[in-house]
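Quick note on labels: first sequence line is chain A, next is B, and so on, each numbered from 1. All of these numbers come straight from a predicted model, not from anything done at the bench.
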There are 2 protein chains.
Amino acid sequence: MNAPLPPPPWRRATRTPRRQLTTETIVDTALSVLSAEGPDAVTMRRIAHELDTGPGSLYAHVQDKRELHELMLDAAMRVVETPEPDPQNWRTQLKQLCLEQARVLTETPGIAQIAMETLIPTTPGILVAMDGMLGILRCSGIPDDRIAAAGDMLALHVTAYAYEASLWQSPSGQSDEAHRRLGQIGDYLQSLPADQLPNLKAMNHAMLHGTEPDHFEFALDVFIAGLAAHADVRP
Amino acid sequence: MNAPLPPPPWRRATRTPRRQLTTETIVDTALSVLSAEGPDAVTMRRIAHELDTGPGSLYAHVQDKRELHELMLDAAMRVVETPEPDPQNWRTQLKQLCLEQARVLTETPGIAQIAMETLIPTTPGILVAMDGMLGILRCSGIPDDRIAAAGDMLALHVTAYAYEASLWQSPSGQSDEAHRRLGQIGDYLQSLPADQLPNLKAMNHAMLHGTEPDHFEFALDVFIAGLAAHADVRP
DNA sequence: ACCTGAACACCGTTCAAGT
DNA sequence: ACCTGAACACCGTTCAAGT
């Protein structure tokens, strides 16, 4: 009940150069919490706690939870390198770039979910990625207005795939859930008379046991083949 | 401060046949709240309030908020009719079905968001929709394992497109946000020196003013053209 | 200017208690 | 069996007060 003692002088040393809060440290902390414990753990309060401060402090450096998400996505996507467009190889380059972007989005589970929620991104790193995609597409011989459409839809597909794929990965804890549901569908199909959902029953094995990455690569092949066909029409 | 009077007998009449809580009424209420006020308004508490009860009451009929979402999606998707597959017209049928599914998912803003979050759906209505898609794809001459991949990716694309498209629609209140961001990108591109993001700068007009539905239809055409090419290879 | 942390207005879910 | 609503353990964001 006495007045608290003044802190011993050697404590001041660790106190004074107290790590300053920065947008960057906040984003880094958020990313490490994300990759360690999944999307649900990334709360303003949790990040603040990790930085030994109160939740309010973050709002001096970040406008929103939404803006923080966007900054996290930007930081994650900056590692994607875009190749110099080569008109001879646009098909291969396009596929490689999509696979690379999907890889980065899938690497940190949870970042794809943020990417899906953050549509129409305004952040430099993501614009660079989109620019690289457009650069390759411009070598394909497709008219300009179609290039916009193709880039838009390709980016959407990569993001959506990465989002779906990341549900099979662990630390968000939804992984078992995903497998459980596959089992449910299998059981349900078995329980059904032959004339209900006939196609799903017939394809049971291929649907439930095909792997996502294979499906994605197939979709890229199909999409690029279709683009090439469209380019041939107007040479 | 007296003990409360017993209720007059005519009140009992309105009380006793009190509308029973049902899974169905809960789902219907949730859907009407969703279409009236957007996804953020669909909370367990709000739905309970709408049905004149406490939040806990819902858990007798619905396991989870997640399960409620899935039931909402199922109810919404049940209106999609799948055509009898016609081997002569599989391209047109496939495109029509995708457009129809996208239309339904976009019609009630917010339902596409639920669809995106509810992956690997186990619910009858959605399985029926998938079965119809597979039925058409089986007419295309593509080998079975590719059909699974094609159906999977096509469904993913439709869902992702509908999700993105619904951001431009109103009552969730994010509509203005979307337009504001488009303006931000435009301003940002203008402020950049010519050698940064060159492709995005060159395509500024086409990228920012192309409409989503056009892009989606183009993507469907490209994808179906690619599928046809794959079918030709193995006749 | 930056930081603090209490306060506000919410969440989903659980559970003892009622009918 | 179904329903209730208080209670629990959280959220994001704001804001007066401190340094």
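Per the geometry, CG belonging to B:Leu21 stands 11 Å off P belonging to D:dC2, to the nearest Å. Distance OH (B:Tyr59) to P (C:dA16): 17 Å, rounded to an integer number of Å. One interatomic measurement links the two molecules: CG of A:Leu51 to P of C:dC3, which rounds to 11 Å at whole-angstrom precision. Spacing between atom CD1 of A:Ile47 and atom C1' of D:dC11 amounts to 13 Å, rounded to whole angstrom units. Rounded to whole Å, atom P of C:dT13 lies 10 Å from atom CG of B:Leu58. For the pair B:Asp64 CG and C:dG12 C1', the computed distance is 9 Å after rounding to whole Å. Separating the CZ atom of B:Arg45 from the C1' atom of D:dA9 is a distance of 11 Å, rounded to the nearest angstrom. Rounded to an integer number of Å, the gap from CZ of B:Arg66 to P of C:dT13 is 11 Å.
Both A:Thr22 and B:Met44 lie near DNA chain C, and the one whose nearest nucleotide falls closer to the 5' end is A:Thr22. Residue B:Gly56 is the one, among A:Val42 and B:Gly56, whose nearest nucleotide of DNA chain D lies closer to the 5' end (criterion: closest heavy atom).
An OP1 or OP2 oxygen of D:dC3 is reached within less than 4.0 angstrom by no side-chain nitrogen or oxygen of B:Thr53. The phosphate of C:dT13 has neither OP1 nor OP2 within less than 4.0 Å of any side-chain N or O from B:Gln63.
More than 12 heavy atoms of other shown residues, nucleotides or ligands fall within 6.0 angstrom of atom CD in A:Gln184.
Of the nucleotides present, C:dC2 is the one that pairs with D:dG18 by Watson-Crick or G-U wobble criteria, both distances under 3.5 Å. For D:dC11, there is no paired nucleotide, since no Watson-Crick or G-U wobble pair has both relevant distances below 3.5 Å.
Partners of B:Tyr163 by ring pair (Phe, Tyr, Trp, His ring centres under 6.0 Å), not counting sequence neighbours: none found.
Across all strands shown, A:Ser57 has heavy atoms under 4.0 Å from base atoms, whether or not it also approaches the sugar-phosphate.
Side chain of A:Thr23 to main chain of A:His61: a donor-acceptor pair is present (N/O by atom type, distance under 3.5 Å, no hydrogens or angles).
The nucleotide whose nearest atom lies closest to any side-chain atom of B:Pro55 is, among C:dC2, D:dC2, C:dT13, C:dT13.
Of all non-hydrogen atoms in A:Arg181 and B:Pro121, the two that sit nearest each other are NH2-CA, 4.1 Å.
Of the P atoms belonging to D:dA9 and C:dC10, the separation is 22 Å, rounded to the nearest Å.
Legend: salt bridge (Lys or Arg N to Asp or Glu O under 4.0 Å) pairs involving residues 101-130 of chain A, not counting sequence neighbours, sorted by first then second residue: A:Glu100-A:Arg103, A:Arg103-A:Glu107.
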